[in-house]
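Reviewing the structure listed below.
The shown structure was predicted, so the numbers you read here are calculated from the model rather than taken from an experiment.
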Amino acid sequence: MTTPSPVSTAVPTGEPRVRVRDLRIWYGTSGAPVRAVDGVDLTIHAGQIVALVGESGCGKTTLGRGILGLLPPAAATDGEVVVDGTDLLRLPARRLRAMRGDKLGLVFQEPMTRLDPLMRVGDHFDELLRTHRPRLSRAERERQAVDILRAMGIPASRLRQYPHEFSGGMRQRIMIALTLVLRPALVVADEPTTALDVLVEAQILKILAELRSSVDCGMLLITHNLGIVLEAADRVAVMYAGRIVEEGDVRQVFAHPAHPYTRELLRSTISLTTTELHHIPGSPPDLADPPPGCRFHPRCPDAMRICPNSDPGDVDTAGGQRVACWLHRLDEVAPADREPLPDREISVADEA
Amino acid sequence: MPTKPEQGAEQALIDVSGLHVRYALRRGPLARITGGGGVIRAVDGVSFQLRRGEVLGLVGESGSGKSTLGRALLGLVPASSGSIRYAGTELVGRSERRMRPLRRRLQMVFQDPHASLNPAMDVGTAVGHPLRIHGVAGKDVRDRVVEALELVGLSPAHRYLSLRPGDLSGGQKQRVVIARATILGPELLVADEPVSMLDMSVRAKILRLMLDLRQQLNLTYLYITHDLATAKLFCDRVAIMYLGRIVEIGRTDEVFADPKHPYTRALLAAIPDLRPEHAGPRDVPAGEIPDAARPPAGCSYHPRCPHAFAPCGFEGRDLRALLEARWGRDEPGTAAGSTADLAAESARFADLDDFLVHSERIRIRPARGHTAADVLQTLSAARTDAPDEPVWRGVRAMAVEDHAAVVEFEPATDPGLLDTGTARVACHLFDPRFAPAEQVS
């Protein structure tokens, strides 16, 4: 256990708390292996919230679970997931298990089913702290529980109550508090507000955004809802067919999306300022047999002749994004290869 | 209750008036002996009209009663009282047997397309099923199924007939569900969150399909959703529901340009903006939708409403919530001392459940070793420290009386829907009788 690093500043410096390098996760099937995560790089600093967005089936949940080492036995992994200097993929199972809770936390989607209905809320904290911090006194355990619950907006007077006495939003706050009380290095929050109402979602996002400055863990916020990303996250990684196609500062990515997929995803999100309906034709590819070259090319309105032939790889844009798209390496593309791809028919048959 | 005068009743396809849906609460054996069962008013006196060919959005959070209302329209849950007239025919009180023929004309699309389809039934059978159930099957079932599938964009239809739901994507499943709902040629489609389980990239496509079908099949929609953004695009009129009641109803453009009810305003403010220059901290009301078994007095939204004032229905539990927030506050208190001092205040009360008595006059007893004056002093200190908390606008008097602190509240008034010239709103801020001192900002 290392001592917590100091409160982060706007521009994180120093060693990141989490560094994922060339992570690959695949599942063996009777046919070709399904490559759910295919060469992902990701960095999360202390006090940072990184959002991971994409359509269902793009591999975002697998990536989140993979980073925590929570994959089913059938999954194979390759690459590096370094948390506070330790490569989780090289750890024996027992040591990995010991890191969970202490170093690695997970916030689930449904808060209703994750608390023990027969245990008082305070006892959840007591049990957790007794297991992971055996040297703390009872009074100290209670103080830590009260502190973190207060930060989540739950009064100490409710410590003796049972989960059913709390509303859905309160329960999700308790779940987040249970994860944060051990001050882990990394918290993966998988659609933490999807099951909640809009107003409650907004309350929780507000709390998460406020916590950023006082908590020194890194957080990976997995969501399909682009709307909440801008509000809650510092950086965003857009995932498509097992790969991260764009990554960068949230405001920069939303204002100037560099990858056509990011742009189309933003256009198809319905917000109050939407005046016409827009959708992305086609559907995400079969990960057992992804398209060659850039995987988005069959659905991309900007696809060029080079796109199906060659994988663009990552480039850094002037705006500071990391993007995998030939549009940002045009000077390396021969003029004939810049011609638009001939019209491709995408019928409803291929729709998501 | 009439809607806007210019719309004649003859245009209404569905006319709902004073509709109530109540569920009896079954508690433990003790409650049965003491008679404490209680009811949940899932729909609590709702009136509106659905005009032929329009799309009416029913917007609210979970627990607002919007789904129950939608189901009640189709007779899927029994109405407790009130009236639902479909093209002049009364639906409330109709037996299932007499309701069934009408279901050809009144259909429903559910939220979860994965759960709406039998995984063992192929698409052709599923879409043709309503024809068999309603006895309109003939030799042309297959033709009509093909036609219905083509209409929802599943074309060429023969490719889909023998597929099972497991072979389809989420968007395709919802298309099959819509084909099944439209094959009987209904007039009304109640769509309960039809796109909220789908990816953002597909939602627009399904909404577009529903708009196209409305034209081609002369459909009328009741679109039930928690998502104001899609309602804005999709609906001609919207009704905002809160705890079983409609709190605001009006034309979509008017409600969105000038939301009147504080709850509508809060919902709108909670929708994230995708434009970075507009993103920032937003005012979000505290708390969550209350327990429908014990609804707040007066306006159900008053405990969360920053504009609530005297007639809105303040009561003991609002005061208790204020005290608990005071004792649980994170930063050390300003005027009244440290958090520990504040927390010590709670020891002066005999039983905080004293606040829960349902009355305009509540007696708060002091704990052993404290006096009624201590209790009153605590309440007064809370008032001095936060004089702008809405709850104090509802407190008429506080005094010591017969060894207890007595708090008297202003009488509660249930807000009814008021005409404002544009939308109709159930909020006392728009009722000249109450001369609301503070206007909505």
Side-chain angles (χ1 to χ4, degrees), chain A residues 55-57 147 149-151 153-158 167-170 196-203 205-206 209 224-232 250-255 264-281 283-284 299 347-352, chain B residues 61-63 152-156 159-160 169-172 175 195 198-205 207-208 211 226-230 232-233 256 266-282 284-289 291 304 324-325 327-330 339 343 346 352:
Chain A
E55 291 167 276
S56 3
D147 282 352
L149 281 173
R150 279 230 180 95
I154 293 173
S157 55
R158 304 199 63 176
S167 61
M170 290 257 209
L196 303 173
D197 279 317
V198 274
L199 290 181
V200 180
E201 175 175 63
Q203 290 166 358
L205 292 175
K206 207 171 163 187
H224 69 280
N225 186 351
L226 283 171
I228 70 172
V229 168
L230 189 56
E231 183 148 0
V250 167
R251 284 166 180 267
Q252 176 64 22
V253 170
F254 273 60
E264 296 298 305
L265 208 55
L266 281 167
R267 276 185 74 194
S268 63
T269 300
I270 299 171
S271 77
L272 283 178
T273 47
T274 307
T275 48
E276 61 183 308
L277 293 168
H278 180 82
H279 67 269
I280 308 179
S283 67
R299 302 170 75 189
S347 72
V348 172
D350 306 312
E351 165 194 288
Chain B
E61 295 176 274
S62 36
V152 296
L154 292 175
S155 146
R159 273 182 58 185
Y160 294 93
S169 67
Q172 289 169 336
R175 284 175 193 267
V195 296
L198 304 176
D199 262 318
M200 292 289 175
S201 53
V202 192
R203 285 184 191 185
K205 258 188 135 167
L207 288 178
R208 165 69 47 212
L211 285 174
H226 69 278
D227 177 15
L228 274 170
T230 58
K232 184 183 178 199
L233 271 176
F256 280 80
L267 279 181
L268 277 170
I271 300 176
D273 200 311
L274 291 178
R275 299 165 301 174
E277 66 276 18
H278 288 89
R282 294 168 293 143
V284 184
E288 292 173 49
I289 200 159
D291 183 357
R304 305 170 74 184
E324 282 178 336
W327 299 330
R329 213 161 6 180
D330 198 14
T339 313
S346 63
L352 286 177

Nearest-0.5 Å distance that lies between atom [atom1] in [X] and atom [atom2] in [Y]:
X       : Y       : atom1 : atom2 : result
I289(B) : S167(A) : CD1   : OG    : 11.0 Å
R275(B) : L266(A) : CZ    : CG    : 13.0 Å
L274(B) : I228(A) : CG    : CD1   : 11.5 Å
K205(B) : H278(A) : NZ    : NE2   : 11.0 Å

Return the minimal non-hydrogen interatomic distance between [X] and [Y], and the atom names on each side.
X       : Y       : answer
A270(B) : A202(A) : CB-CB, 4.2 Å
A255(A) : P276(B) : N-CG, 3.7 Å
Q203(A) : G287(B) : NE2-O, 2.9 Å

Kindly indicate whether the side chain of [X], heavy atoms from C-beta on, has any atom under 4.5 Å from the side chain of [Y].
X       : Y       : result
L226(A) : M200(B) : no
P285(B) : L199(A) : yes
H226(B) : V198(A) : yes
T269(A) : R203(B) : no
I270(A) : V195(B) : no
R158(A) : E324(B) : no

| Judged by atom type as modelled, is there a donor-acceptor pair below 3.5 Å linking the side chain of E55(A) to the main-chain atoms of S201(B)? | no

| Do the side chain of D199(B) and the main chain of S56(A) share a donor and acceptor less than 3.5 angstrom apart? | yes

Can you tell me which portion of [X] sits under 4.5 Å from chain A's heavy atoms? Options are side chain, backbone, both or neither.
X       : value
I271(B) : side chain
R304(B) : side chain
L207(B) : both

| field | Check against side chain to side chain contact (heavy atoms under 4.5 Å, CB included), L272(A) and K232(B) | value | CA-CA 7 Å; L272(A) 283 178; K232(B) 184 183 178 199; 3.9 Å; yes

| Of all of L211(B), D227(B), L233(B), which one pairs up most often with chain A through heavy atoms under 4.5 Å apart? | L233(B)

| query | Can you tell me if CD on E277(B) sees more than 12 non-hydrogen neighbours from other groups inside 6.0 Å? | reply | yes

| request: Counting only heavy atoms closer than 4.5 Å, note whether H224(A) contacts chain B via side chain, backbone, both or neither. | output: both

